[in-house]
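Have a look at the structure below, then the notes.
Values below: every heavy atom of this structure, side chains too, minus hydrogens, waters and symmetry copies. Everything numeric in this text was worked out from a predicted model, so none of it was measured.
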Amino acid sequence: ELGLAALPARQRDFREALGRALRYGTALRCPRIHLMAGRVPQGVDRAAVAAEMEATFIENLRYAADLLAQEDMIGLVEPINNRITDPRYFLNTPHQAAAILEKVGRPNLKMQLDLFHCQIMDGNLTRNLEKYFPLIGHIQIAQVPGRHEPDSPGEVNFPYIFELLESLGYTGYVGCEYAPKGDTLEGLGWLRSYWESRGLQCGGTSKATE
């Protein structure tokens with residue numbers, strides 16, 4: 001189902017699943033939990049159920065935020081493109097996610113922005129990152145359209161994006177949510193190349209500090 005948070009009449013299931021996720025997150029010392037919206041029901045027109053699904057999503061997100069706040073944890077919502085990845089996923093664009101987060105009104109809810117999905121749905125990555133930066137709680141990357149390493153052939157200039165994130169003051173993790181074209185370790189050559197271009201050693205330490 002790709003989540004339960006926006007599915008009407010599934011609030012009890014969502015709360016039970018959230019409780020399990022919270023226990024796992026606490027045990028693993030994971031400070032962020034992805035609260036997946038779920039899919040528009042099969043055979044149902046998206047526009048016909050949009051308002052009800054959004055209202056359910058907002059109700060569940062408020063419940064989740066209040067529960068997560070007790071453990072000093074952050075909830076994340078991720079727009080997933082409905083052009084390639086999942087035509088029925090409810091939350092599709094950063095604009096939709098930002099509007100919902102504004103309606104929910106909880107400071108410990110943030111956007112999980114996967115640049116693969118953002119590029120497919122809207123492009124305009126620089127302005128979207130600048131506009132929504134205060135709402136971003138986690139970044140994920142993959143080249144478009146193949147969803148492979150960021151230095152594989154594709155549309156996105158990731159060295160530029162990484163420098164932009166640094167200039168904006170992003171200090172969180174960057175999740176590599178891509179399918180390696182070959183060996184996973186060899187496929188991380190893009191990261192070593194980026195560090196070297198920034199005068200850093202493997203691991204992100206400055207050469208000047210040696």
Side-chain angles (χ1 to χ4, degrees), residues 1-6 17-18 21 24-25 28-39 61 64 68 73-98 100-101 109-126 128-133 135-166 168 170-195 202-204:
E1 296 172 300
L2 276 186
L4 300 167
L18 176 65
Y24 278 117
L28 296 170
R29 298 180 184 177
C30 177
R32 291 170 175 79
I33 290 181
H34 180 191
L35 305 167
M36 300 191 74
R39 292 173 166 139
L61 288 177
L68 292 170
M73 297 172 76
I74 291 175
L76 300 169
V77 297
E78 178 189 11
I80 296 176
N81 82 83
N82 63 353
R83 290 177 175 162
I84 297 175
T85 302
D86 196 304
R88 291 166 45 217
Y89 197 71
F90 174 70
L91 189 65
N92 303 134
T93 69
H95 321 300
Q96 181 190 9
I100 287 173
L101 289 174
L109 289 185
K110 299 287 184 179
M111 191 187 308
Q112 179 169 302
L113 190 64
D114 189 322
L115 298 182
F116 173 82
H117 299 303
C118 187
Q119 171 69 4
I120 290 170
M121 292 301 293
D122 193 62
N124 198 25
L125 295 181
T126 297
N128 278 323
L129 281 168
E130 291 172 344
K131 180 177 181 179
Y132 296 118
F133 187 74
L135 293 176
I136 293 174
H138 185 56
I139 293 283
Q140 292 177 322
I141 60 169
Q143 187 56 276
V144 181
R147 206 167 191 177
H148 299 305
E149 291 88 343
D151 64 346
S152 61
E155 302 172 7
V156 183
N157 179 353
F158 275 103
Y160 166 81
I161 292 294
F162 296 149
E163 290 187 28
L164 174 63
L165 287 170
E166 290 180 17
L168 291 171
Y170 183 70
T171 58
Y173 287 102
V174 173
C176 299
E177 189 160 289
Y178 57 75
K181 295 181 72 174
D183 180 80
T184 299
L185 212 54
E186 290 179 7
L188 289 172
W190 63 268
L191 181 56
R192 291 187 287 271
S193 297
Y194 178 72
W195 280 335
C202 185

**Pairwise distance NE2(H138) to CD1(I74) - rounded to 0.5 angstrom** = 11.5 Å

**Request:** Measure the shortest side-chain to side-chain distance between R32 and Q112 over non-hydrogen atoms and say whether it is less than 4.5 angstrom.
**Result:** no

**Request:** Give, for atom CG of L168 and atom CD1 of I136, the distance between the pair rounded to the nearest 0.5 Å.
**Result:** 8.0 Å

**Item:** Verdict with reasoning, M121 to Q96, per side-chain contact (heavy atoms from CB on, under 4.5 Å)
**Value:** CA-CA 11 Å; M121 292 301 293; Q96 181 190 9; over 6 Å; no

**Prompt:** Out of curiosity, E155 CD to L115 CG, how far, rounded to the nearest 0.5 Å?
**Reply:** 12.5 Å

**Message:** Nearest 0.5 Å, please: how far is CZ in F158 from CD in Q143?
**Reply:** 5.5 Å

**Message:** By the definition side chain to side chain contact (heavy atoms under 4.5 Å, CB included), identify the one residue from I100, L135, L35, L76 that meets it with L109.
**Reply:** L35

**Minimum-distance pair of heavy atoms, taken over all atoms of Y194 and E166** = OH-OE2, 2.8 Å

**Item:** N124 side, atom CG; L129 side, atom CG - distance, nearest 0.5 Å
**Value:** 9.5 Å

**Request:** Take the angle between the ring planes of H95 and Y132 and call it parallel below 30°, perpendicular above 60°, tilted in between.
**Result:** tilted

**Request:** Go through the steps to decide whether F162 and L164 satisfy the test side-chain contact (heavy atoms from CB on, under 4.5 Å), and finish with yes or no.
**Result:** CA-CA 5 Å; F162 296 149; L164 174 63; over 6 Å; no

**Complete:** Between the CG atom in N81 and the CG atom in D114, the distance rounded to the nearest 0.5 Å is 9.0 Å

**Request:** Go through the steps to decide whether R147 and I84 satisfy the test side-chain contact (heavy atoms from CB on, under 4.5 Å), and finish with yes or no.
**Result:** CA-CA 11 Å; R147 206 167 191 177; I84 297 175; over 6 Å; no

